[in-house]
Amino acid sequence: TFGLVNSFAEAAVEIDQISKRLNINAEGFQAMAYAASQYGIEQDAIVDGMKELSMRSAEFAKDGKANADAFGAIGITQAQVKQYGNNIEGLFELVREKLSEVKEQGQRQFLADALFGGGLADVGGEFFTQTSAQIKMLQEQAMDSGVIITDESIALSRQYTRDIGALTSRIKGLWQIIASNLLPVFSETAKRLKEFLDLHGERIIDALSLAFRTLSDAVRYLGIAAAI
């Protein structure tokens with residue numbers, strides 16, 4: 001049970017970090033990632049694609065020149081990009097939908113690479129050919145199936161992670177205190193053991209040597225007896 005809770009909290013915190021880094025809604029991101037996963041696309045590829053699109057769209061919105069050919073090829077204007085602002089989730093779906101209207105596969109791949117970067121473009125294939133209705137259906141499927149980690153659960157996971165971290169630090173601190181207190185005891189024990197070995201070492205060696213010779217003789221005699 002503890003392992004299950006830990007795994008869930010780790011997944012939730014990861015989603016939280018991704019959504020904050022990309023400035024997107026956590027639940028919306030998961031829904032899109034789920035839809036993409038139905039076409040064999042890993043979550044990391046979606047993250048990379050959104051990050052690359054965010055940078056390229058920001059450049060285009062700023063001067064209307066950078067990446068203008070790629071956006072223009074799918075009918076997206078600078079004004080539209082500006083309208084979406086920080087809504088990278090909405091812009092991502094708009095670009096993906098526009099790509100689905102490009103019939104020639106090579107051109108679609110080229111534009112996907114120009115707008116999403118090679119990480120997503122290389123694996124996007126079938127994902128880029130789907131209509132918005134098909135993607136929306138998969139997103140609703142994700143919501144209905146319970147695979148989406150809610151914002152409330154993400155908040156609880158953040159608190160749980162902080163609490164576990166504080167507990168772990170406290171336990172580590174206690175062990176360090178215990179170890180520190182035991183150092184003189186172990187040091188004194190090691191010192192006395194060394195003194196004992198220095199004083200009685202030769203007798204111990206003699207006794208052990210005698211014991212091994214006696215054992216060896218006994219084994220040899222037993223072998224002879226068994227042979228007779």
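The analysis underlying the following values was restricted to heavy atoms, covering all of them including side chains, and did not include hydrogens, waters or symmetry mates.
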Counting heavy atoms not belonging to Glu42, are there more than 12 under 6.0 Å from its CD?
-> no
Value for CG (Leu94) from CD (Gln83), rounded to nearest 0.5 Å, stands at 9.5 Å
Shortest non-hydrogen contact from Ile15 to Gln43?
-> CD1-OE1, 3.6 Å
Does any donor atom in the side chain of Gln134 or Thr131 lie under 3.5 Å from an acceptor atom in the other side chain?
-> yes
Partners meeting ring pair (Phe, Tyr, Trp, His ring centres under 6.0 Å) with Phe196 (sequence neighbours left out) | His200
Please list, chain by chain and in numerical order, all residues satisfying salt bridge (charged side-chain N to carboxylate O under 4.0 Å, His left out) with Asp113, sequence neighbours excluded.
-> none
Taking the six-membered ring for Trp, are Phe92 and Phe116 parallel (under 30°), tilted (30 to 60°) or perpendicular (over 60°)?
-> tilted
Salt bridge (charged side-chain N to carboxylate O under 4.0 Å, His left out) filter on Asp163, not counting sequence neighbours, yields none
The complete set of side-chain hydrogen bond (donor to acceptor under 3.5 Å, both in side chains) pairs with one or both residues in residues 207-216, sequence neighbours excluded, reads none
Results of ring pair (Phe, Tyr, Trp, His ring centres under 6.0 Å) for Phe127 - residues two or more places apart only | none
Ile88 and Asn23: which non-hydrogen atoms are nearest, and at how many Å?
-> CG2-O, 4.4 Å
For Ser37 and Tyr34, indicate whether the former's side chain and the latter's backbone hold a donor-acceptor pair under 3.5 Å.
-> yes
Report the residues that fulfil salt bridge (charged side-chain N to carboxylate O under 4.0 Å, His left out) with Arg108, sequence neighbours left out, ordered by chain and then residue number.
-> none
